[in-house]
Amino acid sequence: MKCCLSYGVAGDNMEITISASDNINGTLILPLYEGVEEIPEECERGLPQGMKSQINRVLADGDFKAKKKATMSLIGGEDGKVILAGLGKSSDVSVHDFRKSGAAVFASIKKVHGNDFTVRFTEAGVGHMAAFAEGMMLRNYSYDEYKMKDEEETDAEKQIRLTCSEKEAEELSTLVNKYRGITKGVHLSRDLGNCPPNDMYPEVFADMAWEWAKEFDNVDVTIINYEQAIKAGMGGLVAVGKGSSRKPCMVIFEMNKDIKGRCPVLVGKGITFDTGGISLKPGANMDEMKYDMGGSATVFGTMEALAQTGHEGKVVAITCMAENMPAANATRPGDVIKGLSGKTIEVLNTDAEGRLVLSDGLWKAGEYDPDFIIDFATLTGACVVALGHEATGLWSNDDDFRTEIHEAGNAVDELAWPMPLLPAFEKEMTDSKIADTRNLGAGRYGGANTAAAFLKQFVPNRDYDKDGEQITWAHMDIAGTYWGAKSNSMVKNGATGVHVRTIHHLITNR
Ligand code: BES
Ligand code: ZN
Ligand code: ZN
């Protein structure tokens with residue numbers, strides 16, 4: 001097995017401890033509210049006089065206004081180094097501001113600050129303090145597996161001490177541990193996405209999932225390989241992946257599988273590279289299509305977050321892995337295929353491949369008696385046209401469920417914006433002259449909506465009962481948010497790992 005990544009390691013070079021002591025170790029980090037003109041009294045404990053006067057001078061002169069996400073380093077004084085961090089106005093501060101401030105502080109850390117830090121908060125609840133730590137942990141990520149590194153250059157472990165009162169310590173420590181686990185999931189999703197496509201292909205993803213599951217007693221991974229996929233009738237997955245020398249597979253994760261009853265089922269689009277196939281993409285930015293497995297990375301990362309935080313409920317995840325290549329034996333525009341559902345699909349454009357692999361993943365999901373199904377996919381350029389890089393497109397066959405996901409996203413500051421699943425779009429995707437469905441809309445408009453409407457055709461009814469009710473389902477198009485989001489404060493560059501936190505929140509708060 002080729003392995004370009006060691007999951008969960010990025011971000012592990014930071015130790016966060018909780019302390020009620022007055023001592024200041026290393027560089028002092030001071031999150032402050034806008035308008036403050038001197039060090040708040042509750043922060044003064046243990047501060048050397050020189051440090052205190054240096055900070056007070058900067059605040060009194062208005063040189064640091066504590067605007068949201070602002071930072072300022074004071075490194076000249078003999079009494080130690082300080083990073084001032086802005087939280088904005090105290091009247092409207094939220095956990096998101098604390099998280100962003102933590103991330104901004106982490107991004108501003110230079111060698112000169114050393115490796116020891118003490119954070120001292122003013123007027124902050126335990127949730128706020130934990131969010132600040134979460135921001136630091138999330139931002140503590142860089143993908144440099146492929147860069148030559150000197151021994152000395154390797155990052156030394158950073159020690160971060162969060163100071164709080166004695167009675168807050170236990171609760172803070174529990175929350176920080178939870179965020180540490182979730183961050184591992186986010187970083188795993190980012191590692192998977194950032195890995196170059198020559199080293200990240202379906203079999204590698206499957207091997208990684210297999211190895212990963214060995215670490216946990218309560219997780220099982222099943223791999224449906226190419227031959228098995230053909231036998232099982234996974235015509236969508238096979239049609240997309242057959243033109244590549246790296247054959248497709250489906251990877252199924254089951255957590256706490258012995259628990260009885262319904263469970264969430266997550267489904268991921270995992271195109272490890274999308275050339276467009278015979279409907280070849282133009283050359284510009286084609287390299288970015290290595291991120292086209294972002295849906296599967298989200299799902300794998302979410303399972304890691306759930307496992308790391310000791311989730312006790314049952315959860316299933318299905319990742320549909322394939323590489324979309326042009327080849328003599330690749331699927332052609334005009335081909336008609338049949339997948340697991342038994343419905344036929346007229347393939348009018350081989351670049352609309354995500355929906356083909358998902359058609360099998362969604363149908364397969366029905367086997368696990370889902371409470372609900374959510375799929376994640378870098379599905380359409382049209383979604384990026386509609387929402388830019390600021391929000392994920394969110395569709396559902398259940399308005400309340402869509403609202404629930406939207407709210408889970410808001411709770412962790414990962415926007416998922418409601419989009420319409422209209423009957424007209426379904427009609428457009430089912431009026432093929434020759435098959436039950438077509439993988440391309442009739443015109444150029446509304447491409448993200450027609451894609452969602454296509455997926456809906458493959459969401460099974462409960463117990464596959466022809467006359468039954470369709471299982472509650474949502475589709476999240478992360479084409480604009482899985483990478484390239486410059487305004488995401490938790491991310492410097494590359495894959496974002498978006499929605500691991502949203503779905504962890506959704507599943508664990510239900
Ligand atoms: N993976 C792409 C979608 C994509 C494009 C994501 C650009 C992020 C940035 C997907 O497989 C695709 O190519 N979709 C086509 C669909 C079209 C042929 C109906 C698209 O969006 O152009
Ligand atoms: Zn494509
Ligand atoms: Zn694609």
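Atoms within a ligand are numbered from 1 in the order they appear, just like the ligands themselves. As a basis for the values below, the full set of heavy atoms in this structure was taken, side chains included, without hydrogen atoms, waters or symmetry mates. What you see is a predicted model, and the numbers here were worked out from it, not measured in a lab.
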Exercise. Answer yes or no: is there a side-chain heavy-atom contact under 4.5 Å between P248 and M321?
Key: no
Self-check item: Atom indices of ligand 1 within 4.0 angstrom of T378 heavy atoms, with elements
Solution: 1 (N), 2 (C), 3 (C), 6 (C)
Quiz item: Between Y141 and Y143, what is the ring plane arrangement, given parallel below 30°, perpendicular above 60°, and tilted in between?
Solution: parallel
Exercise. Please check if the distance between the ring centroids of W363 and Y464 is under 6.0 Å.
Key: yes
Practice problem: Provide, to 0.1 Å, the distance between atom 2 (C) of ligand 1 and the closest protein heavy atom, together with that atom's residue and name. | Solution: D274 OD2, 3.6 Å
Quiz item: Among all protein non-hydrogen atoms, which one is nearest to atom 10 (C) of ligand 1, and what is the separation to 0.1 Å?
Solution: L379 O, 3.2 Å
Self-check item: Y146 and P196, any side-chain heavy atoms less than 4.5 Å apart
Solution: yes
Quiz item: Any chance the rings of Y291 and W483 have centres within less than 6.0 Å?
Solution: yes
Quiz item: Just which atoms of ligand 1 are under 4.0 Å from any heavy atom in A479?
Solution: 6 (C), 8 (C)
Quiz item: Is the F205-F300 ring centre distance short of 6.0 angstrom?
Solution: yes
Quiz item: the Zn ion (ligand 3) is nearest to which N, O or S atom of D292?
Solution: OD2
Quiz item: Nearest to atom 9 (C) of ligand 1 by heavy atom, K269, K281, M289: which?
Solution: M289
Quiz item: Between D287 and F273, what is the shortest heavy-atom contact and its length?
Solution: O-CE1, 3.9 Å
Quiz item: Going by the order shown, which atoms of ligand 1 are within less than 4.0 Å of some heavy atom of R355?
Solution: 16 (C), 19 (C)
Exercise. Write down the atom of A435, the atom of I345, and the distance for their closest heavy-atom approach.
Key: CB-C, 4.0 Å
Exercise. Give the intermediate values and the outcome of side chain to side chain contact (heavy atoms under 4.5 Å, CB included) for residues F372 and I471.
Key: CA-CA 6 Å; F372 58 78; I471 295 168; 5.7 Å; no
Quiz prompt | Carboxylate-amine/guanidinium proximity below 4.0 Å for K456 and E426 | solution = yes
Self-check item: D292 contact mode with ligand 1 (heavy-atom cut-off under 4.0 Å)
Solution: side chain
Quiz item: Looking only at heavy atoms, is any part of F454 under 4.0 Å from ligand 1, and if so is it the side chain, the backbone, or both, or is it neither?
Solution: neither
Quiz item: Polar-atom distance check: N439 versus ligand 1, any N or O pair below 3.5 Å?
Solution: no
Exercise. Could you list which atoms of ligand 1 come closer than 4.0 Å to a heavy atom of N349?
Key: 18 (C)
Quiz item: So which of the N, O or S atoms of E353 lies nearest the Zn ion (ligand 2)?
Solution: OE1
Quiz prompt | Name of the residue among T309, T302, N509 meeting side chain to side chain donor-acceptor pair (under 3.5 Å) with H504 | solution = T309
Quiz item: Looking at G381, which atoms of ligand 1 are within less than 4.0 Å of one of its heavy atoms?
Solution: 3 (C), 4 (C), 5 (C), 20 (C), 21 (O)
Quiz item: Is there an N/O/S atom in K269 that lies less than 2.8 Å from the Zn ion (ligand 3)?
Solution: yes
Practice problem: Quick one: look up the protein heavy atom nearest atom 19 (C) of ligand 1 and list residue, atom name and how far away it is. | Solution: L440 CD1, 3.3 Å
Quiz item: With a 4.5 Å limit on heavy-atom distance, are the side chains of R402 and L394 in contact?
Solution: yes
Quiz item: Tell me: protein heavy atom nearest atom 8 (C) of ligand 1, and distance?
Solution: W483 CH2, 3.3 Å
Quiz prompt | Numbering as shown, the atoms of ligand 1 that approach E353 to under 4.0 Å (heavy-atom distance) | solution = 11 (O)
Quiz item: Nearest protein heavy-atom contact for atom 15 (C) of ligand 1: which residue, which atom, what distance?
Solution: D351 O, 4.0 Å
Quiz item: Does D351 bring an N, O or S atom to within less than 2.8 Å of the Zn ion (ligand 2)?
Solution: yes
Quiz prompt | Residue D274 atom name (nearest to the Zn ion (ligand 3); N/O/S) | solution = OD2
